[in-house]
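In what follows, a single structure is set out as C-alpha coordinates and then discussed.
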2 protein chains.
Amino acid sequence: MTKPPLPTRLSGPAESPGFLLWKISNAWQRRLRVALQPYEITHSQFVLLATATWFGAEETLTQARLSQLSGIDPMTTSQVLRALEAAGLIERIDHPQDPRAKAITVTKAGRDLARKAVVAVEDADAAFFEPLASDTKRLVAMFQALVAGHEVDPK
Amino acid sequence: MTKPPLPTRLSGPAESPGFLLWKISNAWQRRLRVALQPYEITHSQFVLLATATWFGAEETLTQARLSQLSGIDPMTTSQVLRALEAAGLIERIDHPQDPRAKAITVTKAGRDLARKAVVAVEDADAAFFEPLASDTKRLVAMFQALVAGHEVDPK
DNA sequence: ACATTATAGTATGCGCGCTTATTATAAGCG
DNA sequence: CGCTTATAATAAGCGCGCATACTATAATGT
(Lines give C-alpha, C1' and ligand atoms only; values in the text may rest on other atoms or scores of the structure.)
Protein backbone atom coordinates (compact mmCIF):
# COMPACT_ATOMS: atom_id res chain seq x y z
CA MET A 1 0.00 0.00 0.00
CA THR A 2 2.22 2.83 -1.18
CA LYS A 3 0.82 6.30 -1.36
CA PRO A 4 0.42 7.32 -4.98
CA PRO A 5 2.13 10.52 -6.02
CA LEU A 6 -1.03 11.92 -7.57
CA PRO A 7 -4.71 11.53 -6.65
CA THR A 8 -5.68 10.35 -10.11
CA ARG A 9 -8.54 8.02 -10.84
CA LEU A 10 -6.54 6.43 -13.60
CA SER A 11 -3.61 4.10 -13.38
CA GLY A 12 -1.81 6.11 -16.04
CA PRO A 13 -2.30 8.48 -18.92
CA ALA A 14 -2.92 5.63 -21.38
CA GLU A 15 -6.50 5.38 -20.17
CA SER A 16 -7.35 9.06 -20.40
CA PRO A 17 -9.42 9.79 -23.51
CA GLY A 18 -8.18 13.36 -23.57
CA PHE A 19 -4.54 12.36 -23.44
CA LEU A 20 -5.09 9.83 -26.19
CA LEU A 21 -6.99 12.37 -28.24
CA TRP A 22 -4.06 14.73 -27.98
CA LYS A 23 -1.52 12.13 -29.00
CA ILE A 24 -3.60 10.91 -31.92
CA SER A 25 -4.26 14.41 -33.14
CA ASN A 26 -0.54 15.13 -33.13
CA ALA A 27 0.15 11.91 -35.00
CA TRP A 28 -2.49 12.81 -37.55
CA GLN A 29 -1.02 16.26 -38.02
CA ARG A 30 2.38 14.72 -38.66
CA ARG A 31 0.87 12.34 -41.18
CA LEU A 32 -0.89 15.14 -43.00
CA ARG A 33 2.19 17.32 -43.05
CA VAL A 34 3.98 14.57 -44.91
CA ALA A 35 1.06 13.93 -47.23
CA LEU A 36 0.80 17.60 -48.18
CA GLN A 37 4.52 18.19 -48.45
CA PRO A 38 4.64 17.58 -52.22
CA TYR A 39 2.06 20.33 -52.68
CA GLU A 40 3.87 22.78 -50.43
CA ILE A 41 0.82 23.66 -48.39
CA THR A 42 -0.08 23.07 -44.78
CA HIS A 43 -3.19 21.44 -43.42
CA SER A 44 -4.89 24.73 -42.55
CA GLN A 45 -4.05 26.10 -45.95
CA PHE A 46 -5.56 23.02 -47.51
CA VAL A 47 -8.72 23.29 -45.43
CA LEU A 48 -9.26 26.90 -46.42
CA LEU A 49 -8.37 26.31 -50.04
CA ALA A 50 -10.69 23.32 -50.29
CA THR A 51 -13.48 25.14 -48.47
CA ALA A 52 -13.12 28.17 -50.72
CA THR A 53 -13.10 25.94 -53.80
CA TRP A 54 -16.13 24.03 -52.64
CA PHE A 55 -18.32 26.89 -51.50
CA GLY A 56 -16.96 29.56 -53.79
CA ALA A 57 -19.08 28.12 -56.57
CA GLU A 58 -22.22 28.96 -54.66
CA GLU A 59 -21.65 32.24 -52.89
CA THR A 60 -19.39 35.23 -52.58
CA LEU A 61 -17.02 34.30 -49.79
CA THR A 62 -15.64 36.64 -47.20
CA GLN A 63 -12.93 35.75 -44.72
CA ALA A 64 -15.48 35.74 -41.93
CA ARG A 65 -17.65 33.31 -43.86
CA LEU A 66 -14.70 31.05 -44.58
CA SER A 67 -13.86 31.17 -40.92
CA GLN A 68 -17.26 29.76 -39.97
CA LEU A 69 -17.29 27.23 -42.77
CA SER A 70 -13.85 25.88 -41.95
CA GLY A 71 -13.93 26.21 -38.18
CA ILE A 72 -10.67 28.14 -38.26
CA ASP A 73 -10.71 31.25 -36.12
CA PRO A 74 -10.86 34.62 -37.92
CA MET A 75 -7.34 35.63 -36.96
CA THR A 76 -5.75 32.46 -38.30
CA THR A 77 -8.04 32.58 -41.31
CA SER A 78 -6.74 36.03 -42.17
CA GLN A 79 -3.15 34.97 -41.82
CA VAL A 80 -3.50 31.72 -43.75
CA LEU A 81 -5.44 33.33 -46.56
CA ARG A 82 -2.68 35.87 -47.01
CA ALA A 83 -0.25 32.97 -47.35
CA LEU A 84 -2.50 31.38 -49.96
CA GLU A 85 -2.67 34.68 -51.78
CA ALA A 86 1.12 35.01 -51.71
CA ALA A 87 1.30 31.53 -53.23
CA GLY A 88 -1.05 32.60 -56.01
CA LEU A 89 -3.74 30.12 -55.04
CA ILE A 90 -6.45 32.62 -54.13
CA GLU A 91 -7.21 36.29 -54.62
CA ARG A 92 -8.40 38.73 -51.99
CA ILE A 93 -10.15 41.65 -53.58
CA ASP A 94 -12.18 44.38 -51.94
CA HIS A 95 -15.72 43.25 -51.43
CA PRO A 96 -18.09 45.04 -53.82
CA GLN A 97 -20.83 45.56 -51.24
CA ASP A 98 -18.88 45.86 -48.00
CA PRO A 99 -15.62 47.81 -47.90
CA ARG A 100 -14.71 46.22 -44.58
CA ALA A 101 -14.65 42.79 -46.18
CA LYS A 102 -12.49 40.94 -48.69
CA ALA A 103 -14.03 38.81 -51.40
CA ILE A 104 -12.08 35.57 -51.73
CA THR A 105 -11.79 33.81 -55.06
CA VAL A 106 -9.78 30.72 -55.93
CA THR A 107 -7.38 31.02 -58.87
CA LYS A 108 -7.01 28.35 -61.51
CA ALA A 109 -3.76 27.26 -59.87
CA GLY A 110 -5.63 27.04 -56.58
CA ARG A 111 -8.38 24.88 -58.01
CA ASP A 112 -5.89 22.59 -59.71
CA LEU A 113 -3.89 22.19 -56.53
CA ALA A 114 -7.01 21.62 -54.45
CA ARG A 115 -8.12 18.86 -56.77
CA LYS A 116 -4.83 17.04 -56.37
CA ALA A 117 -4.38 17.71 -52.68
CA VAL A 118 -7.83 16.52 -51.71
CA VAL A 119 -6.95 13.08 -53.01
CA ALA A 120 -3.73 13.01 -51.02
CA VAL A 121 -5.56 14.09 -47.89
CA GLU A 122 -8.27 11.51 -48.25
CA ASP A 123 -5.71 8.81 -48.87
CA ALA A 124 -3.76 9.87 -45.80
CA ASP A 125 -6.95 9.92 -43.80
CA ALA A 126 -7.91 6.44 -44.93
CA ALA A 127 -4.46 5.12 -44.12
CA PHE A 128 -4.48 6.75 -40.72
CA PHE A 129 -7.79 5.27 -39.64
CA GLU A 130 -7.18 1.96 -41.35
CA PRO A 131 -6.37 0.18 -38.03
CA LEU A 132 -10.02 0.63 -37.09
CA ALA A 133 -11.24 -0.88 -40.31
CA SER A 134 -15.03 -0.88 -40.43
CA ASP A 135 -15.25 0.57 -36.94
CA THR A 136 -14.29 3.88 -38.49
CA LYS A 137 -17.98 4.50 -39.10
CA ARG A 138 -18.63 4.16 -35.43
CA LEU A 139 -15.77 6.51 -34.65
CA VAL A 140 -17.17 9.12 -37.00
CA ALA A 141 -20.53 8.85 -35.28
CA MET A 142 -18.88 9.38 -31.90
CA PHE A 143 -16.90 12.30 -33.26
CA GLN A 144 -20.06 13.88 -34.61
CA ALA A 145 -21.70 13.49 -31.22
CA LEU A 146 -18.74 15.21 -29.59
CA VAL A 147 -18.70 18.03 -32.11
CA ALA A 148 -22.43 18.52 -31.58
CA GLY A 149 -21.88 18.54 -27.85
CA HIS A 150 -19.27 21.26 -28.06
CA GLU A 151 -20.67 23.53 -30.70
CA VAL A 152 -19.35 27.05 -30.39
CA ASP A 153 -22.55 29.05 -30.55
CA PRO A 154 -21.86 31.91 -32.89
CA LYS A 155 -23.83 34.21 -30.56
CA MET B 1 -26.08 16.72 -62.50
CA THR B 2 -23.78 19.59 -61.70
CA LYS B 3 -20.06 19.00 -61.76
CA PRO B 4 -18.69 19.10 -58.23
CA PRO B 5 -15.87 21.56 -57.59
CA LEU B 6 -13.66 18.89 -56.00
CA PRO B 7 -13.25 15.18 -56.68
CA THR B 8 -13.92 14.21 -53.09
CA ARG B 9 -15.48 10.97 -52.02
CA LEU B 10 -17.29 12.74 -49.25
CA SER B 11 -20.26 15.03 -49.46
CA GLY B 12 -18.57 17.42 -47.09
CA PRO B 13 -15.96 17.72 -44.38
CA ALA B 14 -18.42 16.63 -41.69
CA GLU B 15 -17.90 13.00 -42.66
CA SER B 16 -14.13 13.02 -42.67
CA PRO B 17 -12.75 11.41 -39.52
CA GLY B 18 -9.55 13.45 -39.81
CA PHE B 19 -11.38 16.73 -40.09
CA LEU B 20 -13.54 15.82 -37.12
CA LEU B 21 -10.50 14.72 -35.15
CA TRP B 22 -8.91 18.08 -35.77
CA LYS B 23 -11.97 20.03 -34.70
CA ILE B 24 -12.47 17.95 -31.60
CA SER B 25 -8.85 18.20 -30.61
CA ASN B 26 -9.03 21.98 -30.90
CA ALA B 27 -12.21 22.05 -28.84
CA TRP B 28 -10.57 19.88 -26.21
CA GLN B 29 -7.53 22.15 -26.09
CA ARG B 30 -9.80 25.13 -25.53
CA ARG B 31 -11.60 23.32 -22.78
CA LEU B 32 -8.37 22.40 -21.04
CA ARG B 33 -6.96 25.87 -21.37
CA VAL B 34 -9.94 27.15 -19.42
CA ALA B 35 -9.75 24.35 -16.87
CA LEU B 36 -6.07 25.02 -16.18
CA GLN B 37 -6.34 28.79 -16.21
CA PRO B 38 -6.75 29.06 -12.42
CA TYR B 39 -3.45 27.23 -12.00
CA GLU B 40 -1.62 29.36 -14.52
CA ILE B 41 -0.18 26.43 -16.43
CA THR B 42 -0.74 25.15 -19.93
CA HIS B 43 -1.70 21.66 -20.99
CA SER B 44 1.84 20.68 -21.96
CA GLN B 45 3.18 22.08 -18.74
CA PHE B 46 0.62 20.03 -16.86
CA VAL B 47 1.50 16.86 -18.75
CA LEU B 48 5.18 17.22 -17.99
CA LEU B 49 4.61 18.25 -14.40
CA ALA B 50 2.26 15.34 -13.78
CA THR B 51 4.56 12.89 -15.53
CA ALA B 52 7.53 14.10 -13.54
CA THR B 53 5.56 13.89 -10.31
CA TRP B 54 4.31 10.42 -11.12
CA PHE B 55 7.53 8.83 -12.32
CA GLY B 56 9.93 10.96 -10.32
CA ALA B 57 9.16 8.81 -7.31
CA GLU B 58 10.58 5.77 -9.06
CA GLU B 59 13.55 6.90 -11.09
CA THR B 60 15.92 9.74 -11.78
CA LEU B 61 14.33 11.61 -14.64
CA THR B 62 16.14 13.25 -17.49
CA GLN B 63 14.51 15.49 -20.07
CA ALA B 64 14.94 12.79 -22.67
CA ARG B 65 13.17 10.29 -20.44
CA LEU B 66 10.35 12.72 -19.75
CA SER B 67 10.07 13.27 -23.46
CA GLN B 68 9.42 9.59 -24.11
CA LEU B 69 7.13 9.20 -21.13
CA SER B 70 5.00 12.18 -22.07
CA GLY B 71 5.13 11.86 -25.82
CA ILE B 72 6.25 15.47 -26.10
CA ASP B 73 9.17 15.94 -28.48
CA PRO B 74 12.58 16.72 -26.92
CA MET B 75 12.69 20.29 -28.16
CA THR B 76 9.33 21.22 -26.71
CA THR B 77 10.13 19.27 -23.56
CA SER B 78 13.23 21.36 -23.07
CA GLN B 79 11.37 24.60 -23.56
CA VAL B 80 8.38 23.68 -21.39
CA LEU B 81 10.57 22.38 -18.56
CA ARG B 82 12.41 25.68 -18.50
CA ALA B 83 9.05 27.41 -18.11
CA LEU B 84 8.18 25.08 -15.24
CA GLU B 85 11.54 25.81 -13.65
CA ALA B 86 10.98 29.55 -13.99
CA ALA B 87 7.63 29.07 -12.24
CA GLY B 88 9.37 27.26 -9.39
CA LEU B 89 7.52 24.02 -10.00
CA ILE B 90 10.52 21.86 -10.89
CA GLU B 91 14.29 21.98 -10.64
CA ARG B 92 16.78 21.16 -13.34
CA ILE B 93 20.11 20.22 -11.86
CA ASP B 94 23.15 18.71 -13.54
CA HIS B 95 22.82 14.98 -13.73
CA PRO B 96 25.22 13.27 -11.31
CA GLN B 97 26.22 10.53 -13.77
CA ASP B 98 25.88 12.23 -17.14
CA PRO B 99 27.06 15.82 -17.59
CA ARG B 100 25.10 16.08 -20.82
CA ALA B 101 21.85 15.51 -18.99
CA LYS B 102 19.69 17.38 -16.51
CA ALA B 103 18.12 15.65 -13.55
CA ILE B 104 14.55 16.85 -13.12
CA THR B 105 12.96 17.00 -9.71
CA VAL B 106 9.55 18.36 -8.76
CA THR B 107 9.44 20.98 -6.02
CA LYS B 108 6.91 20.94 -3.22
CA ALA B 109 5.03 23.73 -4.98
CA GLY B 110 5.04 21.63 -8.11
CA ARG B 111 3.67 18.56 -6.36
CA ASP B 112 0.96 20.59 -4.65
CA LEU B 113 -0.06 22.18 -7.91
CA ALA B 114 -0.01 18.87 -9.76
CA ARG B 115 -2.31 17.35 -7.17
CA LYS B 116 -4.85 20.09 -7.64
CA ALA B 117 -4.52 20.39 -11.39
CA VAL B 118 -4.93 16.69 -12.05
CA VAL B 119 -8.39 16.86 -10.54
CA ALA B 120 -9.32 19.82 -12.73
CA VAL B 121 -8.01 18.03 -15.81
CA GLU B 122 -9.88 14.83 -15.09
CA ASP B 123 -13.06 16.76 -14.44
CA ALA B 124 -12.65 18.65 -17.69
CA ASP B 125 -11.97 15.39 -19.49
CA ALA B 126 -15.05 13.75 -18.04
CA ALA B 127 -17.19 16.74 -18.97
CA PHE B 128 -15.79 16.83 -22.48
CA PHE B 129 -16.54 13.19 -23.23
CA GLU B 130 -19.79 13.15 -21.31
CA PRO B 131 -21.88 13.28 -24.52
CA LEU B 132 -20.65 9.77 -25.27
CA ALA B 133 -21.63 8.48 -21.86
CA SER B 134 -20.75 4.81 -21.51
CA ASP B 135 -19.51 4.66 -25.09
CA THR B 136 -16.42 6.47 -23.87
CA LYS B 137 -14.92 3.08 -23.07
CA ARG B 138 -15.31 2.08 -26.66
CA LEU B 139 -13.76 5.33 -27.80
CA VAL B 140 -10.76 4.77 -25.57
CA ALA B 141 -10.33 1.31 -27.06
CA MET B 142 -10.41 2.77 -30.55
CA PHE B 143 -7.96 5.46 -29.56
CA GLN B 144 -5.61 2.88 -28.15
CA ALA B 145 -5.82 0.92 -31.38
CA LEU B 146 -4.92 4.05 -33.31
CA VAL B 147 -2.05 4.92 -31.02
CA ALA B 148 -0.75 1.39 -31.36
CA GLY B 149 -1.08 1.63 -35.11
CA HIS B 150 0.99 4.79 -35.26
CA GLU B 151 3.65 4.14 -32.72
CA VAL B 152 6.79 6.15 -33.34
CA ASP B 153 9.43 3.47 -32.97
CA PRO B 154 12.13 4.90 -30.73
CA LYS B 155 14.57 2.84 -32.75
C1' DA C 1 43.88 3.89 -26.69
C1' DC C 2 41.32 5.50 -30.49
C1' DA C 3 37.82 6.13 -33.76
C1' DT C 4 33.03 5.68 -34.66
C1' DT C 5 28.40 6.09 -33.46
C1' DA C 6 24.70 7.37 -30.45
C1' DT C 7 22.66 10.38 -27.22
C1' DA C 8 21.30 14.85 -24.13
C1' DG C 9 20.26 19.26 -24.62
C1' DT C 10 19.61 23.58 -27.00
C1' DA C 11 19.56 27.73 -30.71
C1' DT C 12 16.85 29.17 -34.46
C1' DG C 13 12.89 29.52 -37.13
C1' DC C 14 8.14 28.41 -39.00
C1' DG C 15 2.99 27.96 -38.86
C1' DC C 16 -1.00 27.26 -36.15
C1' DG C 17 -4.50 28.47 -32.65
C1' DC C 18 -5.54 31.57 -29.76
C1' DT C 19 -6.19 36.26 -26.77
C1' DT C 20 -6.54 41.10 -26.62
C1' DA C 21 -6.99 45.33 -28.72
C1' DT C 22 -7.70 48.55 -32.73
C1' DT C 23 -9.73 50.60 -37.00
C1' DA C 24 -13.21 51.07 -40.16
C1' DT C 25 -17.67 50.48 -41.53
C1' DA C 26 -22.38 48.34 -41.59
C1' DA C 27 -26.89 47.76 -39.38
C1' DG C 28 -30.39 48.67 -36.19
C1' DC C 29 -33.19 52.07 -33.70
C1' DG C 30 -35.47 56.04 -31.83
C1' DC D 1 -30.82 61.89 -39.13
C1' DG D 2 -27.78 60.66 -35.33
C1' DC D 3 -26.52 57.30 -31.92
C1' DT D 4 -25.52 52.73 -30.50
C1' DT D 5 -24.25 48.21 -31.39
C1' DA D 6 -22.41 44.64 -34.26
C1' DT D 7 -19.25 43.07 -37.59
C1' DA D 8 -14.80 42.50 -40.99
C1' DA D 9 -10.20 42.47 -40.88
C1' DT D 10 -5.88 43.02 -38.80
C1' DA D 11 -1.69 44.13 -35.46
C1' DA D 12 0.88 42.29 -31.74
C1' DG D 13 2.15 38.69 -28.93
C1' DC D 14 2.22 33.90 -26.58
C1' DG D 15 3.01 28.79 -26.37
C1' DC D 16 3.03 24.49 -28.71
C1' DG D 17 4.80 21.13 -32.12
C1' DC D 18 7.52 20.52 -34.96
C1' DA D 19 12.22 20.60 -38.47
C1' DT D 20 17.05 21.51 -38.83
C1' DA D 21 21.40 22.02 -37.14
C1' DC D 22 24.85 22.32 -33.60
C1' DT D 23 27.82 21.21 -29.20
C1' DA D 24 29.28 18.22 -25.85
C1' DT D 25 29.76 13.90 -24.06
C1' DA D 26 28.69 8.85 -23.48
C1' DA D 27 28.93 4.28 -25.33
C1' DT D 28 30.70 0.98 -28.38
C1' DG D 29 33.92 -1.70 -31.02
C1' DT D 30 38.33 -2.94 -32.14
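Protein chains get the first letters and strands the later ones, always in sequence-line order, with residue 1 at the start of each.
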Specify the separation, in whole Å, of atom [atom1] of [X] and atom [atom2] of [N].
X: A:H95; N: D:dA8; atom1: NE2; atom2: P; result: 10 Å
X: A:I104; N: D:dA8; atom1: CD1; atom2: P; result: 13 Å
X: B:L32; N: C:dG17; atom1: CG; atom2: P; result: 17 Å
X: B:R100; N: D:dT25; atom1: CZ; atom2: C1'; result: 5 Å
X: B:E85; N: C:dG9; atom1: CD; atom2: P; result: 13 Å
X: B:L49; N: D:dC16; atom1: CG; atom2: P; result: 13 Å
X: A:D94; N: C:dA24; atom1: CG; atom2: P; result: 15 Å
X: B:N26; N: D:dG15; atom1: CG; atom2: P; result: 19 Å

On the nucleotide [N], are OP1 or OP2 found under 4.0 Å from the side-chain N or O atoms that [X] carries?
X: B:T42; N: D:dC16; result: yes
X: A:R82; N: D:dA11; result: yes
X: B:S78; N: C:dT10; result: yes
X: B:S44; N: D:dG17; result: yes
X: B:R30; N: C:dG17; result: no
X: A:Q37; N: D:dA19; result: no

Exercise for the section: Tell me which of A:R33 and B:Q97 sits closer to the 5' end of DNA chain D, going by the nucleotide each one is nearest to. Expected result: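 Closest to the 5' end, via its nearest nucleotide, is A:R33.
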Fill in the blank from the handout: Comparing nearest nucleotides in DNA chain D, the 5'-proximal residue of the pair A:K102, B:Q79 is A:K102
Problem - Identified side chain to side chain donor-acceptor pair (under 3.5 Å) counterpart of A:Q63 within the set A:R82, A:K102, A:R92 - result: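 That would be A:R92.
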Handout entry: Aromatic ring pairing B:W28/B:H43, orientation class (parallel under 30°, perpendicular over 60°, tilted between)
Key =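 Perpendicular, since the angle between the ring planes exceeds 60°.
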Practice task
Counting Watson-Crick and G-U wobble pairs only, both distances under 3.5 Å, name the nucleotide matched with C:dC2, or none.
Solution key: D:dG29
Exercise for the section: Could you tell me whether A:K116 and A:D112 have a side-chain N and a carboxylate O separated by less than 4.0 Å? Expected result: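 Result for this pair is no, no salt bridge flagged.
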Problem - Minimum-distance nucleotide (side-chain atoms of A:A64 versus D:dA9, C:dC18, C:dG9) - result: D:dA9
Exercise for the section: Among C:dC18, D:dA6, C:dT10, find the nucleotide with the atom closest to the side chain of B:Q63. Expected result: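 So the nucleotide nearest the side chain must be C:dT10.
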Handout entry: B:D125 versus A:S16, side-chain donor and acceptor atoms under 3.5 Å
Key =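 B:D125 and A:S16 do have a side-chain donor-acceptor pair below 3.5 Å.
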Problem - A:T107 side chain to A:R111 side chain, donor-acceptor N/O pair below 3.5 angstrom - result: no
Exercise for the section: For B:R92 and for B:W22, find the nucleotide of DNA chain C with the closest heavy atom, then tell me which residue's nucleotide is more 5'. Expected result: B:R92
Problem - Residue mapping more 5' on DNA chain C - nearest nucleotide basis, A:M75 or A:P99 - result: A:M75
Exercise for the section: Would you indicate what A:D73 reaches in the nucleic acid, counting non-hydrogen atoms under 4.0 angstrom: base, sugar-phosphate, or nothing? Expected result: base
Exercise for the section: Assign A:T62 to base, sugar-phosphate, or nothing according to its heavy-atom contacts below 4.0 angstrom with the strands shown. Expected result: sugar-phosphate
Practice task
Kindly give the heavy-atom pair with the smallest separation between B:L48 and B:S70, and that separation in Å.
Solution key: CD2-OG, 3.6 Å
